[in-house]
Peer 1: 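I have a structure here, written as structure tokens, and I will follow up with some questions on it.
A, B, ... follow the sequence lines: proteins, then strands. Residue 1 opens every chain.
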There are 2 protein chains.
Amino acid sequence: MTDATEGFPRISSTPAYKLVAEAIERQILSGRIRPGQPIGTEAALVKQFGVNRSTVREGIRLLEHGGLIRRDSNRRLSVGLPHYGRLATRMSRALVLSEVTFRELYEAAMVLQTATAEAAAERATPEILAELEANIAMTQHVSDDPAAVTELDAEFHTLIGKASQNRVLQLAREPTNLLIFPTTGLILRKIKEGTPRLIEAHRMILDALQRRDKDACRTWVRRHLNDWRRGFERTGKDLNQPIDRIYVQGEHSADAGAA
Amino acid sequence: MTDATEGFPRISSTPAYKLVAEAIERQILSGRIRPGQPIGTEAALVKQFGVNRSTVREGIRLLEHGGLIRRDSNRRLSVGLPHYGRLATRMSRALVLSEVTFRELYEAAMVLQTATAEAAAERATPEILAELEANIAMTQHVSDDPAAVTELDAEFHTLIGKASQNRVLQLAREPTNLLIFPTTGLILRKIKEGTPRLIEAHRMILDALQRRDKDACRTWVRRHLNDWRRGFERTGKDLNQPIDRIYVQGEHSADAGAA
DNA sequence: ACATCCTGCTTGTCTGACAATCGGACCGCC
DNA sequence: GGCGGTCCGATTGTCAGACAAGCAGGATGT
């Protein structure tokens with residue numbers, strides 16, 4: 001005890017792999033390394049940080065998972081922009097796990113979707129309008145298949161997000177999309193007149209976008225979502241119940257490429 | 001093209017550490033393991049999965065980073081709810097890295113904050129109203145210190161998020177809060193009349209909340225944000241410029257304990 | 001009964017190794 | 001010269017085994 005080594009407080013119990021992650025993270029966030037630029041190999045990082053490769057690897061995993069780092073085809077490391085889709089998946093997962101109710105979801109979706117659609121009415125480009133048109137045509141074409149319609153519905157709304165040219169809104173809106181989407185499938189399977197109503201709503205929304213008519217846009221988006229809600233209630237469910245666990249997927253499972 | 005090799009999906013052998021992560025993730029998402037419940041030790045997982053401990057560790061890191069798994073004081077693993085704050089940090093980081101403009105931020109914030117405030121007007125509890133009141137009093141008290149005012153401003157808006165009792169909105173709104181916040185600091189430092197205006201706006205918003213007056217609420221939130229925008233422009237900046245890199249922090253850096 | 005010590009268990013880190021894969025150089029053949 | 005095939009080095013994914021430090025809980029001495 002009389003020893004000089006006794007009184008020193010714990011400096012920091014932060015494990016080394018976290019320190020490694022932080023160090024690289026700072027480099028990226030500060031802009032010293034730009035997206036797309038390669039990071040050294042594991043061996044190089046080992047030399048730079050003076051820790052073991054296992055430790056470096058654990059640190060790298062963190063960033064890789066966070067999307068700050070990517071491995072391209074060569075399996076080499078490079079800086080990559082965080083992927084919105086992944087983030088949205090994780091947000092929906094968090095929402096489901098905290099047992100958010102359908103009512104909360106509905107309320108938020110109403111706000112976000114109307115706002116996004118209004119922004120889209122201002123700024124939609126001809127290209128996106130064409131994509132929306134194609135989407136509707138395709139929906140009409142597969143209108144017998146609820147699963148396919150559901151998927152196209154989700155795509156439709158994502159396209160509107162893109163049309164808004166506001167990435168903050170897009171990111172905020174995407175989780176509601178992901179969470180509403182599975183329920184839409186259930187509804188369409190149970191309620192026959194759901195699909196035609198959905199298609200009509202999409203048509204009217206697109207029409208409003210083309211005319212740059214924000215009010216009509218708002219009206220039809222509201223109507224569309226209210227249809228969803230009515231359908232939801234007609235399937236015998238309660239808006240106050242939490243979103244079912246089943247609806248959330250792990251973030252590693254979304255790999256089906258766009259056909 | 002006439003070749004049969006054109007339609008094959010990309011072969012991608014998923015590395016073992018990812019498989020481990022997915023397996024555990026599925027257990028958690030499906031509800032077989034509940035939040036708070038402990039997961040086996042590393043050694044146990046090694047036995048269950050039949051892979052090396054390094055591999056298990058890399059897999060665990062992924063989930064730990066994603067917030068699905070936590071290490072409590074004993075450093076033992078247990079399931080934990082994803083933390084909203086962390087998610088919001090990561091969202092803002094993604095937005096900054098994709099060079100979102102202040103205009104996008106402003107537009108989204110306008111929508112989200114008004115909607116949140118309206119919801120809060122409906123459902124705010126006396127407890128939260130008291131907290132808001134205390135927050136304003138404190139702001140008044142430190143009105144000489146722009147940094148402190150800024151921090152309290154951020155807290156004020158987070159409280160309104162809580163008052164809305166809509167966690168979807170809350171999560172969607174938080175990133176805009178995080179990103180607007182540093183700029184508010186700059187503005188208050190430069191523009192003297194900023195602080196009193198801010199306090200007045202907070203007062204009026206709280207008043208509207210207490211009267212459950214959604215319209216007044218909306219009006220004052222809009223006014224408050226417009227003040228921010230005017231201040232922003234008066235500091236000589238342009239709404240169309242991307243949000244500065246400096247404003248985003250790594251997610252591991254928030255460690256300064258509350259004094 | 002209480003304080004103390006010892007003994008595992010668990011995690012964080014390190015050492016060293018090997019197989020598979022990818023990029024590139026090199027070589028032989030048309 | 002262009003082409004395909006082969007070999008080599010670099011890099012990653014995975015493994016086996018080891019050790020120090022922190023912590024829990026039981027054994028021990030008083």
Side-chain angles (χ1 to χ4, degrees), chain A residues 1-3 5-25 33 36-80 252 255, chain B residues 3 5 8-25 33 36-80 252 255:
Chain A
M1 284 287 218
T2 59
D3 194 325
T5 66
E6 58 84 20
F8 293 100
R10 160 166 318 158
I11 298 281
S12 92
S13 60
T14 317
Y17 66 89
K18 247 178 212 168
L19 293 175
V20 168
E22 279 178 47
I24 302 179
E25 186 181 354
I33 320 181
Q37 209 171 330
I39 303 198
T41 70
E42 291 180 2
L45 295 175
V46 164
K47 251 191 293 186
Q48 280 183 48
F49 290 112
V51 297
N52 191 270
R53 190 159 79 100
S54 309
T55 308
V56 166
R57 283 173 66 81
E58 289 188 26
I60 284 178
R61 291 286 164 260
L62 297 189
L63 302 178
E64 203 179 341
H65 187 64
L68 274 184
I69 276 185
R70 225 193 7 228
R71 310 197 96 97
D72 22 66
S73 56
N74 322 335
R75 293 183 306 182
R76 280 196 177 72
L77 292 168
S78 67
V79 181
H252 308 287
D255 269 336
Chain B
D3 194 330
T5 65
F8 288 101
R10 163 167 230 85
I11 298 206
S12 66
S13 57
T14 317
Y17 65 90
K18 245 178 215 168
L19 292 174
V20 168
E22 281 178 46
I24 302 179
E25 186 180 354
I33 320 181
Q37 209 170 330
I39 304 199
T41 70
E42 291 180 2
L45 295 174
V46 164
K47 251 192 292 185
Q48 279 183 48
F49 290 113
V51 296
N52 192 273
R53 191 158 79 101
S54 309
T55 309
V56 167
R57 282 173 67 82
E58 289 188 26
I60 284 177
R61 291 285 165 260
L62 297 189
L63 301 177
E64 202 179 342
H65 188 64
L68 274 183
I69 276 184
R70 226 194 4 231
R71 309 196 98 99
D72 20 78
S73 56
N74 321 334
R75 293 183 308 180
R76 280 197 178 70
L77 292 167
S78 67
V79 181
H252 307 288
D255 269 335

Peer 1: Using atom names, set out every protein N or O paired with an N or O of nucleotides 14-16 of chain D below 3.5 Å, distance rounded to 0.1 Å.
Peer 2:
| unit_1 | atom_1 | unit_2 | atom_2 | d |
| --- | --- | --- | --- | --- |
| D:dT14 | OP1 | B:Ala16 | N | 2.3 |
| D:dT14 | O4 | A:Arg53 | NH2 | 3.0 |
| D:dC15 | OP2 | B:Asn52 | N | 2.9 |
| D:dC15 | OP2 | B:Thr55 | OG1 | 2.7 |
| D:dA16 | N7 | B:Asn52 | ND2 | 3.4 |

Peer 1: Taking all non-hydrogen atoms of both residues, which atom of B:Val20 and which atom of B:Phe49 are closest, and how far apart?
Peer 2: CG1-CE1, 4.1 Å
Peer 1: Is there a side-chain contact (heavy atoms from CB on, under 4.5 Å) between A:Glu64 and A:Arg61? Walk through the geometry before answering.
Peer 2: CA-CA 5 Å; A:Glu64 203 179 341; A:Arg61 291 286 164 260; 2.7 Å; yes
Peer 1: Who passes side-chain hydrogen bond (donor to acceptor under 3.5 Å, both in side chains) against B:Ser54, sequence neighbours left out?
Peer 2: B:Asn52
Peer 1: Of all the heavy-atom pairs spanning A:Leu77 and A:Gly40, show the shortest one and how long it is.
Peer 2: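 That would be CD1-O, 4.0 Å.
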Peer 1: Residues in side chain to side chain contact (heavy atoms under 4.5 Å, CB included) with B:Val56, at least two apart?
Peer 2: B:Leu45, B:Val46, B:Val51, B:Ile60
Peer 1: Could you identify which residues of residues 40-49 of chain A place a heavy atom less than 4.0 Å from some atom of DNA chain D, listed by residue number, or say none?
Peer 2: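 Close to the strand are A:Thr41, A:Glu42.
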Peer 1: Would you please name every residue forming a side-chain hydrogen bond (donor to acceptor under 3.5 Å, both in side chains) with A:Thr41, sequence neighbours left out?
Peer 2: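 With neighbours one apart ignored, the set is empty.
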Peer 1: Looking at every heavy atom in both B:Gly59 and B:Ala21, which two are closest together, and how far apart are they?
Peer 2: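 Heavy atoms of B:Gly59 and B:Ala21 come nearest at O-CB, 3.8 Å.
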Peer 1: Taking atom P of C:dT10 as reference, at what distance in whole Å does atom CD1 of B:Ile60 sit?
Peer 2: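 Interatomic distance, CD1 of B:Ile60 to P of C:dT10: 13 Å.
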Peer 1: What residue pairs, at least two apart or across chains, pass salt bridge (charged side-chain N to carboxylate O under 4.0 Å, His left out) with a residue in residues 42-51 of chain B?
Peer 2: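 Sorted result for residues 42-51 of chain B: B:Glu42-B:Arg53, B:Glu42-B:Arg57, B:Glu42-B:Arg71.
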